[in-house]
Amino acid sequence: MKLNRRDFMRFSASAAALTLLPLSGCARALRTQASPRVVVIGGGYAGATAAKYLRMWSAGRIEVVVIEPKPSFISCPLSNLVLGGSKTLADLTFGYDGLQQHGIQLVQDTVTAIDPLARKLQLTRGELPYDKLVIAPGVDFIYDSLPVLDNAEAQQQVPHAWKAGPQTVLLQQQLAAMPDGGVFVMSVPKAPYRCPPGPYERVCQVASYFSQHKPKAKIIVLDANPEITSKKALFAKVWAELYAGMIDYRPNSQLTEVDVAAREVKTEFETVSADVLNIIPPQRAGKVAQLVGAANVDKRWCEVDFLSYASKVVPDTYIIGDSVSAALPKSAHMATSQARVCASAILATLAGQEPDPQPVFANTCYSFVNARMAMHVAHVYRYDLDKKIMLPAEGGGVSVQPSEQEGQYAYAWAQNIWSDVLT
Amino acid sequence: MLLRLTVLGLFYAPLLAVAGPDHVTTLAASCAACHGTNGNSVGGTPVLAGLDASHFRKQMQDFKSGVRPSTVMQRHAKGLTDAEIDGLALFFSQQPRRPASLPTHPR
């Protein structure tokens, strides 16, 4: 690992803190009088799950605080269906009151600084000490190669719609306002990014909307990857059969320039004009991970111990969900599976035990190809004792074909994961 | 690091007096995405809470072998060991059935 100046300051601060430890040890001894406090930053799938299971599995013996700037939870899974027209954003928006019923404290605020050695963090409204810190900040967008998109006005013209919310509605409105015969251009970043099959599901949903309302419209997919990164054969078949002649897929098409006003993009090979332009930017660990210095892999993702999701570089700090550096799909189910292993390990650690030496968990991603039919990719992952990472177990794979039956199960998945995470 | 651990050791009694959940409990929780918390599904998938352990074990083994056709369960059953399936059968058989609910939409 190369250290920059800021890293160095952090490390020297850490050396100083070592000599002061008896003091912080005293502070810690005081804290044990009360119940241990875990602060979770981020109330998405990963953070909310960690918070709930910490409370549930400890029978309320742990104080859990969730810090989330947004007033409610908006599901990214199913948000492509808003573009297809079969769901509204309101259908995917939920309150946090279910979590409060578990005795979880919700603080609607933003973290401005974290001192992992003193175990306290700074919010706009004050300071908050903790025993363990869980960060689940999702992804942050990287605009280094396309700086013109790095402002709110540009993102009003050219939405990313890769965090469900107002951006999703904006893209849906642009598609609705597009003339029949118009061209929708979507850019897919190089993997890893949040939700590997998500961009291709989006293509299906937009195609489904076009075939009902704008049958002469076209879709151009500019994919920075050499091929469809998830459920490749299935998506290719669906595009050829359900949406014949509508979708033009171009691999190895990384954007080099964007003209926001003209809605025009350049790749190494060509210039492409759009009526509606959707650029999904490259991604890295969410801002809080950067803030605490946990994003140590390429300054992008967070290296963790897969037995606990403890950061490899920041003490008493755990990272779960999309920010983790791993060859694991950045999905909602994955985020919750990691969150439960993390919660389990934190409880073991607080109880003076070793965490489970070989965690196993499930992951499934459903993709909807129209309003009713879906298909899955699913694997069990098992901790590999030699490699010390989670590896797919035998028997994983994808659907034979999309079906209405799996469409119903995909809705059941959504409802059950919402129930599990938020009530 | 060593210094830090020793120092902490001096001050640390465990902060928590209850044991953390075991391997099977944590594994069972990853089924919740489709079957609800502790197997109490809100609907659309089978409720696992309170299932008879031998029925559960048989279904899982049949998903694994393909005797029982499934859309997705074969993927989840095949990746588990027999010991894990036995542990899950016991775990879910001991879960009380509770009505599960969906979170509410904000007003």
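Chain letters run A, B, ... following the sequence lines, proteins first and then strands; every chain starts at 1. Side chains are part of it too, since the values below use all heavy atoms of this structure and drop only hydrogens, waters and symmetry mates.
Under a 3.5 Å cut-off, the side chain of Ser419(A) and the backbone N or O of Ser101(B) do form a donor-acceptor pair. Although no hydrogens or angles enter the test, the distance criterion places a donor-acceptor pair under 3.5 Å between the side chain of Gln353(A) and the main chain of Gly20(B).
Shortest non-hydrogen contact noted between Val380(A) and Gly79(B) is CG1-O, 3.8 Å. When all heavy atoms of Leu102(B) and Gln415(A) are compared, the pair lying nearest together is CD2-O, 3.4 Å. Closest heavy-atom contact between Pro21(B) and Leu347(A): CD-CD1, 4.0 Å. Val42(B) approaches Asn416(A) most closely through the heavy-atom pair N-OD1, 2.8 Å.
Residue contact with chain B, scored on non-hydrogen atoms closer than 4.5 Å, is absent for Tyr381(A). Looking at Val398(A), only its backbone comes within 4.5 Å of chain B, counting heavy atoms on both sides. Proximity to chain B (any heavy atom under 4.5 Å) is shown, for Phe361(A), by both the backbone and the side chain. Using a 4.5 Å cut-off between heavy atoms, Gln405(A) contacts chain B through its side chain alone, with no backbone atom that close. With a 4.5 angstrom heavy-atom cutoff, Ala345(A) does not touch chain B via any of its atoms. Both the backbone and the side chain of Arg340(A) come within less than 4.5 Å of a heavy atom of chain B. Neither the backbone nor the side chain of Ser70(B) comes within contact range of chain A; no heavy atom of the residue lies under 4.5 Å from a heavy atom of that chain. Contacts between Tyr45(A) and chain B at a heavy-atom distance below 4.5 Å are absent for every atom of the residue.
Note on Glu394(A) versus Arg75(B): no salt bridge recorded, every NZ/NE/NH1/NH2 to OD/OE distance being 4.0 Å or above.
Listed in order of number, the residues of residues 22-36 of chain B that approach chain A to under 4.5 Å between heavy atoms are His23(B), Thr25(B), Thr26(B), Leu27(B), Ala29(B), Ser30(B), Ala32(B), Ala33(B), Cys34(B), His35(B), Gly36(B). Of residues 44-64 of chain B, those residues lying under 4.5 Å from chain A by any heavy-atom pair are Gly44(B), Thr45(B).
Of the listed residues (Ser403(A), Gly396(A), Gly98(A), Ala348(A)), the one with the most heavy-atom contacts under 4.5 Å to chain B is Gly396(A). Put simply, of Trp413(A), Phe94(A), Tyr411(A), the one with the most heavy-atom pairs under 4.5 Å next to chain B is Phe94(A). Per-residue heavy-atom pair counts under 4.5 Å with chain B were compared for Ser399(A), Ala90(A), Ser58(A), Ala59(A), and the maximum is reached by Ala90(A). Residue with the most contacts toward chain A among Ala77(B), Gly43(B), Ala100(B): Gly43(B) (heavy-atom pairs, distance under 4.5 Å). Heavy-atom pairs under 4.5 Å with chain B were tallied for Ala393(A), Gly352(A), Pro71(A), Ala351(A); the largest tally goes to Ala351(A). Contact tally against chain B (heavy-atom pairs below 4.5 Å) for Arg382(A), His333(A), Glu406(A), Arg61(A): the top residue is Arg382(A).
At most 12 non-hydrogen atoms from other residues, nucleotides or ligands lie less than 6.0 angstrom from CZ of Arg98(B).
A donor atom on one side chain and an acceptor atom on the other are not found under 3.5 Å apart for His105(B) and Ser72(A).
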>> Pair His379(A), Lys78(B) - check side-chain contact (heavy atoms from CB on, under 4.5 Å), show working.
In response: CA-CA 9 Å; His379(A) 288 90; Lys78(B) 279 182 185 157; over 6 Å; no
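Of the residues listed (Val421(A), Thr423(A), Asp420(A)), the one engaging Thr37(B) in a side chain to side chain contact (heavy atoms under 4.5 Å, CB included) is Asp420(A), and it is the only one.
Annotation: side chain of Met56(A) is in contact with side chain of Asn38(B) (closest heavy-atom distance under 4.5 Å). Proximity of Pro106(B) to Thr93(A): side-chain heavy atoms (C-beta onward) are separated by under 4.5 Å at one or more points.
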